[in-house]
2 protein chains.
Amino acid sequence: MKVLECIPNISEGRDKGKIEEILASLKDFPSVKCLNVSSDEDHNRSVITLLGPADAVPKAMLALALAAIDRIDMRRHQGSHPRIGAVDVVPFVPIRGMEMAEAVEIARGFGRELGDNAGIPIYFYEAAALREERRNLADVRRGQYEGLQEKLKRPEGQPDAGVAAFNPKAGATIVGARPPLIAFNVNLRTTDKSIADVIARAVRHKTGGYKAVKAMGVALKDKGMVQVSMNLVNFNETPIHRVVETIRFEASRYGVSIAECELIGLTPMAALEEVVRFYLQIPEFSLDQVIETHLLS
Amino acid sequence: MKVLECIPNISEGRDKGKIEEILASLKDFPSVKCLNVSSDEDHNRSVITLLGPADAVPKAMLALALAAIDRIDMRRHQGSHPRIGAVDVVPFVPIRGMEMAEAVEIARGFGRELGDNAGIPIYFYEAAALREERRNLADVRRGQYEGLQEKLKRPEGQPDAGVAAFNPKAGATIVGARPPLIAFNVNLRTTDKSIADVIARAVRHKTGGYKAVKAMGVALKDKGMVQVSMNLVNFNETPIHRVVETIRFEASRYGVSIAECELIGLTPMAALEEVVRFYLQIPEFSLDQVIETHLLS
């Protein structure tokens, strides 16, 4: 079975009743599981994790998106997280039995359908981007909802699908396909945040580190520790163990050790294959050796 | 879904046609997967790995056992591995959604049915044992097929199910329930087999080591290495990483390091949970954080 994940970010994180109504749109798609709903009041934003068969997930996502667009009015939206529309970002992630190219096709098909149905501009990003300058989400979202009307007047702001007219209630939606993202934190046994900062700079791509690592230093006041907080955006290119062991030796120059690590949310089993190979020194280890793999059809 | 594994050991490892005929008995049970068939000519024995729903596996296993008993004649069987019958050992292993107690009930039910249908003595071992002295497989099998007729005349040799009479063609079958067994080898960068021997003695239960470890030293002539060859018989009690790290520090006293490890056959995903927790220092890691877990109903 081809399995697809979809993690829509919608611009409502405060009104629980409204969020419930939006999620109720999933009831017609029993094969699609809602694994997690994470609502943030400051951000006024909810991150929803959907998982299911590749043919059902885009249909469920369309129902969810239309329900959200029905109930969210961007003219009244305020929140600390950048956003461009009621359904802000919709990334599709290939999990099983499919390649990225197929997720890209699904993302673009979904984007065209949502754009036409909801009458909103659609921009494609990451692997689904049609223009190189739209690969990066932050670049596509620059100017946010408040700048969208002006953006749509400029040639470089024309959408990739849907309608080119400004929809004041719904804004726009950014749709894409990307590899699974792993949110991984390394907590260091020190209260000196500058150590977490300098290590974050050492491992992250932007400042010379590993290609698929985004990182920043964070103070954990309650724990009396500091944290290298990371997104590992492609575990095939930059595997988890390499980042952890690099942080370990970089911290050791300050006499600091790793107190503990945190895996936030979900990881694909494939990211653990290389962890087992490295730490247990089993060069030939394969997920086919995991019994449960044979229960997944 | 309740998922059960069953790993019958049958006394035919040479006649491929006969093995194929025996395996053909599984065709009426499409929900039961045959993950592996490992036939050994010296042993004249095949180890078959079945996986499927807990209600289907014993039925498939009964069909397989009757087909094997039909085609194997113990009066003509020779092989280097100890055996007591045509269908020598049938362990049931709970994999998912069930406890050991349930696997024990299934094993005993299967044993009674096989014993009555095939007219053979059945002995229950490990978690399914009805007598403490029958927990250990080697103890139950002592005397082998050749000693079975005499054994059945003695009070302490009476079977736990089936018929007490000697069946010269089929012998007896030993049926049990046990936790998953992990076959795990650690290869050391030395040609001195005595180092593998002494480390095997250090980690194995019999000589003072970890409770759930069976181990022996082996020379790997082709590789120019030696091996600590192990069965980890309960990864909850004695986790993989603890054995590997113990072998690492014991080897280091001889200036020897671990060249590589080997996982033979299959492991349940649960055995890797503690590996990830230990090496990545994620105390809270849970298999619920693995996306594929949510695809297993």
Side-chain angles (χ1 to χ4, degrees), chain A residues 1 3 5 33-36 49-53 93 95-97 180 182-187 240-241 243-245 247-248 257-273 275-297, chain B residues 1 3 5 33-36 49-53 93 95-97 180 182-187 240-241 243-245 247-248 257-273 275-297:
Chain A
M1 187 173 75
V3 177
E5 192 185 12
K33 292 189 187 180
C34 179
L35 298 187
N36 189 261
T49 304
L50 305 178
L51 184 73
V93 178
I95 294 294
R96 205 180 153 73
I182 299 173
F184 196 90
N185 300 328
V186 177
N187 298 347
I240 302 174
H241 77 268
V243 179
V244 171
E245 294 307 316
I247 291 174
R248 195 188 309 283
S257 56
I258 295 176
E260 63 185 8
C261 295
E262 300 171 358
L263 174 69
I264 308 298
L266 297 164
T267 176
M269 190 152 62
L272 302 179
E273 192 177 47
V275 169
V276 171
R277 283 187 191 139
F278 177 80
Y279 286 109
L280 289 183
Q281 288 180 253
I282 313 176
E284 308 291 338
F285 176 72
S286 144
L287 292 181
D288 287 340
Q289 295 185 273
V290 176
I291 292 175
E292 282 84 349
T293 298
H294 301 275
L295 299 174
L296 301 166
S297 50
Chain B
M1 187 173 77
V3 177
E5 192 185 12
K33 292 188 189 183
C34 179
L35 298 188
N36 189 259
T49 305
L50 305 178
L51 184 73
V93 178
I95 295 294
R96 206 180 155 72
I182 299 173
F184 195 90
N185 300 328
V186 177
N187 298 347
I240 303 174
H241 76 268
V243 180
V244 171
E245 294 307 317
I247 291 174
R248 196 189 308 283
S257 56
I258 295 176
E260 62 185 9
C261 295
E262 300 170 358
L263 174 70
I264 308 297
L266 296 164
T267 175
M269 190 152 63
L272 302 180
E273 191 176 45
V275 169
V276 170
R277 282 187 191 138
F278 177 79
Y279 286 109
L280 288 184
Q281 287 181 255
I282 312 177
E284 308 291 339
F285 177 72
S286 146
L287 292 182
D288 288 339
Q289 295 185 271
V290 176
I291 292 175
E292 282 84 348
T293 298
H294 301 276
L295 298 175
L296 301 167
S297 51

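No experiment lies behind these values; they were computed from the predicted model shown. Just so it is clear: chains get the letters A, B, ... in the order the sequence lines come, proteins before strands, and each one is counted from 1.
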### Message
Applying side chain to side chain contact (heavy atoms under 4.5 Å, CB included) to Leu287(B) and Glu292(A), what does each step give before you reach the verdict?
### Response
CA-CA 12 Å; Leu287(B) 292 182; Glu292(A) 282 84 349; 5.8 Å; no

Part of [X] within contact of chain B (heavy atom distance under 4.5 Å):
{"X": "Val3(A)", "result": "side chain"}
{"X": "Ala259(A)", "result": "backbone"}
{"X": "Asp288(A)", "result": "backbone"}
{"X": "Ile258(A)", "result": "both"}
{"X": "Glu260(A)", "result": "both"}
{"X": "Leu272(A)", "result": "side chain"}
{"X": "Phe278(A)", "result": "neither"}
{"X": "Leu263(A)", "result": "both"}

### Task
Find the one option among Leu51(A), Ile264(A), Asn185(A), Val244(A) whose heavy-atom pairs under 4.5 Å with chain B are most numerous.
Leu51(A)

In Å, rounded to the nearest 0.5 Å, how long is the span from [atom1] of [X] to [atom2] of [Y]?
{"X": "His294(B)", "Y": "Ile95(A)", "atom1": "NE2", "atom2": "CD1", "result": "11.0 Å"}
{"X": "Thr267(A)", "Y": "Ile282(B)", "atom1": "OG1", "atom2": "CD1", "result": "9.0 Å"}
{"X": "Lys33(B)", "Y": "Ile291(A)", "atom1": "NZ", "atom2": "CD1", "result": "12.5 Å"}
{"X": "Leu295(B)", "Y": "Met269(A)", "atom1": "CG", "atom2": "CE", "result": "9.0 Å"}

Chain A contact via [X] - which portion, at a heavy-atom distance below 4.5 Å:
{"X": "Val290(B)", "answer": "both"}
{"X": "Phe285(B)", "answer": "side chain"}
{"X": "Leu35(B)", "answer": "side chain"}
{"X": "Arg248(B)", "answer": "side chain"}

### Query
Between the main-chain N or O of Gly265(B) and the side-chain N or O of Gln289(A), is there a donor-acceptor pair closer than 3.5 Å?
yes

### Query
Which pair of non-hydrogen atoms, one from Pro283(B) and one from Cys261(A), has the smallest distance, and what is that distance?
CD-O, 3.9 Å

### Message
Pair Tyr279(B), Leu280(A) - check side chain to side chain contact (heavy atoms under 4.5 Å, CB included), show working.
### Response
CA-CA 9 Å; Tyr279(B) 286 109; Leu280(A) 289 183; 3.7 Å; yes

